[in-house]
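Worksheet: the structure to be examined is printed underneath.
Below, each value reflects all heavy atoms present in this structure, side chains not excepted, and no hydrogens, waters or symmetry copies. A quick note: this is a predicted structure, and the numbers were derived from the prediction, not measured. Here, residue 1 is the first one in the sequence, and each next residue gets the next number.
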Amino acid sequence: MLDHIRIVLVNTTHPGNIGAVARAMKNMGLSDLCLVEPKHYPDEAATARASGATDILDNARVVTTLADALADCQLVVGTSARGRHIPWPVINPRELGAIAAPLEGKSRVAILFGREDRGLTNDELHACHHHVHIPSVEGFSSLNIAAAVQVICYELRMAHLLADEQSKPQWGTDWDIELADHLELERLFEHLEQTLVDIDFLDPDNPRQLMPRLRRLVLRAVPDKVEVNVLRGILKSVNRAAEKRSSVAPEAGDAGADKS
């Protein structure tokens with residue numbers, strides 16, 4: 001149950017929090033835990049706080065980069081407690097449950113939790129399709145990371161328990177193609193950025209917010225594998241056209257070159 005949901009902790013400082021997260025996950029039936037460069041792990045404090053959920057710790061995967069944690073995921077959701085310079089699709093935990101629970105057996109979902117003191121960075125949040133915000137009171141909004149995981153996992157479990165077999169899929173119909181995974185999307189964004197630089201649309205020395213906004217545009221659509229391949233095919237055609245145009249353009253100083 002809910003084995004398609006991955007809880008990802010990024011740069012966790014206190015090992016006891018990792019153990020508490022494992023316990024929260026096991027309470028709600030989740031088992032896939034991934035740790036991105038934890039400060040101290042493994043650690044006795046994590047085992048002690050897990051309090052019976054040591055199997056979650058034993059099977060937890062420790063990686064060095066967020067990309068490693070997300071490589072096989074098709075939907076990525078980042079927890080965020082504050083507004084951002086560029087607005088991103090924001091959902092609450094109950095809405096997350098309604099989106100993620102029906103994807104069981106179809107797509108892997110990663111839910112990111114950031115550092116205890118400052119959460120996720122903007123770049124990490126830009127890798128997400130959605131941001132999830134726990135609507136705590138404004139005057140005391142900071143949650144312990146294990147408490148935040150517990151809230152999210154509870155809503156995921158409730159969505160799973162309440163799921164009706166007759167309910168509609170994500171887009172109101174069965175989709176014909178698997179969703180693109182994180183690695184495929186990252187390659188698309190790398191290709192797109194380089195192409196925009198090559199055609200002088202993006203200035204690498206002054207990129208402003210162009211790529212984050214284009215990321216938001218694409219991720220908001222939650223594209224499937226074929227759609228990503230189509231977009232990359234378009235970019236390849238643009239690359240070829242730009243190279244062809246460059247190869248036939250007259251060099252500076254050539255006699256008869258059009259100066260207009």
Side-chain angles (χ1 to χ4, degrees), residues 4-6 8 36 63 65-78 80 84-91 95-96 98-100 102-112 120-132 168-249:
H4 67 302
I5 306 290
R6 175 174 299 159
V8 180
V36 181
V63 298
T65 69
L66 182 59
D68 291 334
L70 304 181
D72 62 341
C73 297
Q74 289 77 47
L75 187 68
V76 181
V77 180
S80 180
R84 301 286 166 169
H85 178 65
I86 298 180
W88 218 261
V90 178
I91 55 178
E95 291 168 331
L96 171 60
I99 292 170
L103 294 177
E104 187 170 359
K106 302 174 184 178
S107 302
R108 182 166 297 282
V109 180
I111 304 174
L112 314 185
L120 297 166
T121 67
N122 285 334
D123 285 345
E124 289 161 351
L125 286 167
H126 289 166
C128 302
H129 296 87
H130 303 287
H131 297 167
V132 60
K168 290 184 177 181
Q170 184 175 1
W171 287 285
T173 184
D174 290 324
W175 209 246
D176 56 340
I177 304 293
E178 293 181 2
L179 298 182
D181 58 36
H182 176 76
L183 183 58
E184 290 168 324
L185 288 168
E186 287 304 308
R187 287 173 175 166
L188 168 64
F189 292 132
E190 290 172 5
H191 192 171
L192 175 59
E193 183 172 10
Q194 186 58 55
T195 300
L196 294 177
V197 170
D198 291 343
I199 64 175
D200 296 326
F201 189 86
L202 171 62
D203 180 358
D205 295 324
N206 187 26
R208 298 183 183 273
Q209 297 293 334
L210 178 60
M211 287 310 301
R213 289 185 182 279
L214 290 175
R215 275 179 167 270
R216 180 178 65 176
L217 171 64
V218 174
L219 291 173
R220 195 167 68 234
V222 192
D224 62 38
K225 292 178 180 292
V226 169
E227 290 165 341
V228 167
N229 286 337
V230 168
L231 291 173
R232 293 202 65 183
I234 293 171
L235 292 175
K236 288 178 181 178
S237 294
V238 172
N239 297 148
R240 286 194 296 267
E243 290 173 1
K244 183 177 179 181
R245 181 177 179 182
S246 176
S247 66
V248 300

Please confirm whether the backbone N or O of [Y] pairs with a side-chain atom of [X], one donor and one acceptor, at under 3.5 Å?
{"X": "H4", "Y": "A100", "value": "yes"}
{"X": "R213", "Y": "I86", "value": "no"}
{"X": "H131", "Y": "L125", "value": "yes"}
{"X": "T195", "Y": "H191", "value": "yes"}

Please report the interatomic distance [atom1]([X]) to [atom2]([Y]), rounded to the nearest 0.5 Å.
{"X": "L210", "Y": "D203", "atom1": "CG", "atom2": "CG", "value": "10.5 Å"}
{"X": "Q74", "Y": "D224", "atom1": "CD", "atom2": "CG", "value": "11.0 Å"}
{"X": "I5", "Y": "R108", "atom1": "CD1", "atom2": "CZ", "value": "9.0 Å"}
{"X": "N122", "Y": "S80", "atom1": "CG", "atom2": "OG", "value": "8.5 Å"}
{"X": "W88", "Y": "H129", "atom1": "CH2", "atom2": "NE2", "value": "10.5 Å"}
{"X": "L185", "Y": "C73", "atom1": "CG", "atom2": "SG", "value": "11.5 Å"}

Query raised in the report: Where do D123 and L66 land on the side-chain contact (heavy atoms from CB on, under 4.5 Å) test, with the steps shown first?
Result: CA-CA 11 Å; D123 285 345; L66 182 59; over 6 Å; no
Requested in this report: Evaluate the side-chain contact (heavy atoms from CB on, under 4.5 Å) criterion for residues S107 and L179: first the C-alpha distance (whole Å), next the side-chain angles of each, then the deciding distance (0.1 Å), finally the verdict.
Outcome: CA-CA 7 Å; S107 302; L179 298 182; 3.6 Å; yes
Residue pair [X] / [Y]: nearest heavy atoms and the distance that separates them:
{"X": "H182", "Y": "L70", "answer": "CB-O, 2.8 Å"}
{"X": "R6", "Y": "A69", "answer": "NH1-O, 2.8 Å"}
{"X": "P207", "Y": "L202", "answer": "CA-CD1, 3.7 Å"}
{"X": "D181", "Y": "D72", "answer": "CB-C, 4.2 Å"}
{"X": "I91", "Y": "I99", "answer": "CD1-CD1, 4.1 Å"}
{"X": "L219", "Y": "C128", "answer": "CD1-O, 3.2 Å"}

Mind checking whether [X] and [Y] have side chains closer than 4.5 Å, heavy atoms only?
{"X": "V8", "Y": "V76", "answer": "no"}
{"X": "V218", "Y": "P223", "answer": "yes"}
{"X": "P204", "Y": "E193", "answer": "no"}

Query raised in the report: Excluding sequence neighbours, so at least two apart, what forms side-chain hydrogen bond (donor to acceptor under 3.5 Å, both in side chains) with E227?
Result: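 Not a single residue meets the side-chain hydrogen bond (donor to acceptor under 3.5 Å, both in side chains) criterion with E227.
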Query raised in the report: In terms of side-chain heavy atoms, does E243 have a donor or acceptor partner in N239 at a distance below 3.5 Å?
Result: no
Query - Side-chain H-bond candidate by donor/acceptor type, H126 with R215, under 3.5 Å - result: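 H126 vs R215: no donor-acceptor pair found between side chains.
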Query raised in the report: Does the pair E184 and L188 meet the rule for a side-chain contact (heavy atoms from CB on, under 4.5 Å), with working shown?
Result: CA-CA 6 Å; E184 290 168 324; L188 168 64; over 6 Å; no
Requested in this report: Evaluate side-chain contact (heavy atoms from CB on, under 4.5 Å) for L235 paired with Q194, printing each intermediate quantity in order.
Outcome: CA-CA 10 Å; L235 292 175; Q194 186 58 55; over 6 Å; no
